[in-house]
Number of protein chains: 2
Amino acid sequence: MSLKYAIMSLLAHGPLSGYELMKLFDGSVGYFWHATHPQIYKELARLESEGQVAHRAVEQRGRPTKKVYSLSEEGHHDLVAWLRLPARVRQFKDEMMVKTFCSGLVSDEDTCELLEQHRELHRARLQEYQELERFLRSGPITTNRLRRGPYLTLLRGIRYERDYMEWCEEAADIVRHRLDRPRGRSARPPSGRQARPRSTR
Amino acid sequence: MSLKYAIMSLLAHGPLSGYELMKLFDGSVGYFWHATHPQIYKELARLESEGQVAHRAVEQRGRPTKKVYSLSEEGHHDLVAWLRLPARVRQFKDEMMVKTFCSGLVSDEDTCELLEQHRELHRARLQEYQELERFLRSGPITTNRLRRGPYLTLLRGIRYERDYMEWCEEAADIVRHRLDRPRGRSARPPSGRQARPRSTR
DNA sequence: TGCTACATGTAAAATGTTACATGATTCG
DNA sequence: CGAATCATGTAACATTTTACATGTAGCA
């Protein structure tokens with residue numbers, strides 16, 4: 001029952017078409033929600049039949065006409081009521097962790113490659129989000145209260161990607177060096193490794 | 001198609017009943033996978049009909065007889081083949097982020113309360129995982145290769161909870177102080193407020 | 001000319017959740 | 001005595017994914 005509010009949350013910041021919603025779920029808000037287009041179009045139709053959103057057709061030159069949806073007053077009211085309810089912690093499903101959990105069944109080389117590949121995915125996303133942050137920072141964040149929320153979630157996205165990336169590095173180090181002592185005492189292994197020279201791969 | 005491998009991953013580390021699997025998805029591996037019991041029992045039945053797992057009935061004194069499942073050779077083989085495939089990045093759904101995204105629609109007090117509540121949830125989980133880590137650290141991690149995977153995922157869980165908790169604090173600070181300048185220049189507000197001195201960390 | 005982006009949908013299949021159902025034991 | 005834990009399931013419902021379906025415009 002939350003796709004409803006995910007869509008309405010985006011519409012609360014401005015009118016959008018189904019296609020634009022899809023792009024957002026696929027991009028800038030992709031790190032906290034995802035939905036495919038059949039889901040979105042169906043949900044929009046349902047929300048409209050419930051009176052929570054309304055659309056107007058917008059004709060474009062050289063492009064198909066699109067349906068631009070906005071929140072109705074009722075929708076806005078409903079969204080705010082939901083916002084006041086406590087959030088449930090997410091229960092997520094991370095394939096990478098399942099594979100890591102079983103990494104003892106494959107070679108250390110395979111495990112390191114897996115970690116390296118994943119690190120790259122998160123590094124690329126981190127960069128995207130950081131660029132977005134720089135852009136958002138160019139304007140005032142709290143003057144327009146509506147802009148603060150998206151900024152806060154972006155900070156979360158940046159943290160998440162950075163933290164995941166760092167974990168990939170830490171895990172690969174443990175696998176490579178067969179580190180069997182507590183970290184923290186000496187965060188880095190004794191050998192002169194630094195800056196992760198991937199030349200050796 | 002991944003609940004299959006999530007279950008098989010746990011079975012790869014030792015035989016388990018459906019109920020025990022449920023407890024794991026609910027507890028120690030809960031931060032990377034979740035499944036409800038109807039799902040688990042159905043999937044186990046399906047996996048058994050496919051020959052990937054097998055069970056034997058284990059009678060207990062004073063407790064109902066349980067079905068303890070183990071991976072078959074075929075199941076082991078299938079799991080390893082899947083492990084070699086690259087992992088897809090997870091597409092997750094975080095209610096908390098949806099609410100944060102729209103926090104401009106509610107009062108700063110409500111937003112701070114939301115963040116504070118969430119911080120507490122993650123703090124509690126962090127503590128659990130850290131205790132688990134201390135326990136795992138008491139034995140050798142890499143001597144038994146099978147134990148390393150679970151240790152690595154636990155490290156990820158700890159990082160995740162800590163990072164989420166820190167974000168809750170950072171976000172609450174921004175909301176409270178209406179911070180409208182880049183962080184990093186001066187992380188702390190000029191005023192002498194310091195309810196949660198993080199200086200000691 | 002073929003690929004990508006824009007734009008919207010339907011249908012079927014797979015997954016996941018919630019409610020219903022049962023029954024023994026242990027702890028407070 | 002009531003609630004929680006152990007233990008396994010079914011049925012109904014909701015959600016999500018994948019495949020099918022269509023058509024225009026711009027770019028290489």
Side-chain angles (χ1 to χ4, degrees), chain A residues 1-8 10-11 15-27 30 32-50 53-69 88-95 98, chain B residues 1-8 10 15-30 32-50 53-69 82 88-95 98:
Chain A
M1 245 300 146
S2 259
L3 170 61
K4 170 178 171 175
Y5 295 109
I7 287 176
M8 283 166 56
L10 296 182
L11 294 183
L16 293 165
S17 71
Y19 190 79
E20 286 159 351
L21 278 164
M22 183 194 77
K23 290 270 129 186
L24 286 171
F25 283 134
D26 221 69
F32 72 78
W33 208 273
H34 180 258
T36 54
H37 71 115
Q39 237 187 315
I40 294 165
Y41 289 121
K42 232 202 304 176
E43 190 66 20
L44 282 173
R46 220 206 58 192
L47 289 175
E48 185 152 47
S49 78
E50 279 181 5
V53 303
H55 85 268
R56 69 202 155 84
V58 173
E59 282 171 68
Q60 301 167 108
R61 337 117 251 179
R63 295 248 171 113
T65 299
K66 61 183 177 180
K67 294 183 180 179
V68 174
Y69 289 84
R88 294 168 298 183
V89 262
R90 97 137 143 307
Q91 299 185 318
F92 50 124
K93 295 172 185 197
D94 190 339
E95 249 183 50
V98 178
Chain B
M1 244 302 147
S2 258
L3 170 63
K4 169 177 171 175
Y5 295 109
I7 288 176
M8 284 167 56
L10 296 181
L16 293 164
S17 70
Y19 190 79
E20 287 159 350
L21 278 165
M22 184 193 74
K23 291 270 129 186
L24 287 171
F25 282 135
D26 221 69
S28 61
V29 307
F32 72 78
W33 208 272
H34 180 259
T36 54
H37 70 114
Q39 238 188 313
I40 294 165
Y41 289 121
K42 231 200 307 175
E43 189 67 19
L44 282 172
R46 219 206 59 190
L47 289 174
E48 185 152 48
S49 79
E50 278 181 7
V53 304
H55 84 267
R56 67 203 156 82
V58 173
E59 283 171 66
Q60 301 167 107
R61 338 117 250 180
R63 296 250 169 112
T65 299
K66 61 183 177 179
K67 294 182 179 178
V68 174
Y69 289 85
W82 178 80
R88 293 169 298 181
V89 262
R90 100 137 142 306
Q91 299 185 320
F92 50 125
K93 294 171 186 198
D94 190 341
E95 249 182 48
V98 178

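Labels below follow one simple rule: chain letters A, B, ... track the order of the sequence lines, proteins then strands, and each chain is numbered from 1.
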Residues 34-42 of chain A, side-chain donor-acceptor partners within the protein, below 3.5 Å, at least two apart:
from	atom 1	to	atom 2	distance (Å)
A:His34	ND1	B:Gln91	OE1	3.1
A:Gln39	OE1	A:Thr36	N	3.4

Stepwise side-chain contact (heavy atoms from CB on, under 4.5 Å) test for B:Phe25 and B:Leu10:
CA-CA 10 Å; B:Phe25 282 135; B:Leu10 296 181; 3.9 Å; yes
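- If you measure from atom CD of A:Gln60 to atom P of C:dC6, you get 11 Å, rounded to the nearest angstrom.
- Contact detail for B:Gly18 and B:Leu44: the closest heavy-atom pair is CA-CD1, 3.7 Å.
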Enumerate all atom pairs, one protein N or O and one N or O from nucleotides 11-16 of chain D, separated by less than 3.5 Å.
from	atom 1	to	atom 2	distance (Å)
D:dT15	OP1	A:Met1	N	3.0
D:dT16	OP1	B:Lys93	NZ	3.3
D:dT16	OP2	A:Gln39	NE2	2.8
D:dT16	O5'	A:Gln39	NE2	3.2

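- For A:Thr65, the side-chain contact (heavy atoms from CB on, under 4.5 Å) partners are A:Ala57, A:Glu59, not counting sequence neighbours.
- Taking atom CG of residue A:Asp26 and atom P of nucleotide C:dC6, one finds them 11 Å apart after rounding to whole Å.
- Taking atom OH of residue B:Tyr41 and atom P of nucleotide C:dG16, one finds them 17 Å apart after rounding to whole Å.
- Not counting sequence neighbours, the partners of A:Lys4 by the side-chain contact (heavy atoms from CB on, under 4.5 Å) test are A:Met1, A:Met8, A:Glu43, A:Arg46, A:Leu47, A:Glu50, A:Gln52, A:Asp78.
- Atom-to-atom, NZ of B:Lys4 to P of C:dT15 comes out at 10 Å; the value is rounded to the nearest Å.
- For the pair A:Met22 CE and C:dG9 P, the interatomic distance rounds to 13 Å; values are reported in whole Å.
- Listed pair B:Lys23 / D:dT5 fails the phosphate criterion, with no side-chain N or O lying under 4.0 Å from OP1 or OP2.
- Contact check for A:Phe92 versus B:Asp94: no side-chain heavy atoms found under the 4.5 Å cut-off.
- Listed here is the closest heavy atom pair of B:Val98 and A:Ala6: CG1-CA, 4.0 Å.
- End-to-end axis angle of the helix from C:dT1-D:dA28 to C:dG28-D:dC1, from C1' rotation axes over five pairs per end: 40° (rounded to 10 degrees).
- Whole-Å rounding puts the B:Ile40 CD1 to C:dT15 P distance at 15 Å.
- Atom NE2 in B:His55 sits about 11 Å away from atom C1' in D:dT8, given to the nearest Å.
- B:Lys66 NZ to B:His55 NE2: the interatomic distance, rounded to the nearest 0.5 Å, is 13.0 Å.
- Counting to the nearest Å, the P atom of D:dT10 and the CG atom of B:Leu44 are 12 Å from each other.
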In the 5'-to-3' direction, what one-character label does each nucleotide of nucleotides 21-28 of chain D receive under the scheme B = base within less than 4.0 Å of a protein heavy atom, S = sugar-phosphate only, - = no such atom?
--B-S---
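- A sub-4.0 Å separation between OP1 or OP2 of D:dT8 and a side-chain N or O of B:Tyr19 is absent.
- B:Glu20 contributes no side-chain N or O that, together with a main-chain N or O of B:Leu24, makes up a donor-acceptor pair within less than 3.5 Å.
- The residue among B:Lys67 and B:Arg88 whose nearest nucleotide of DNA chain D is located toward the 5' end is B:Lys67.
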Please assess B:Ile7 against B:Tyr69 for the test side-chain contact (heavy atoms from CB on, under 4.5 Å), listing each intermediate value before the final yes or no.
CA-CA 10 Å; B:Ile7 288 176; B:Tyr69 289 85; over 6 Å; no
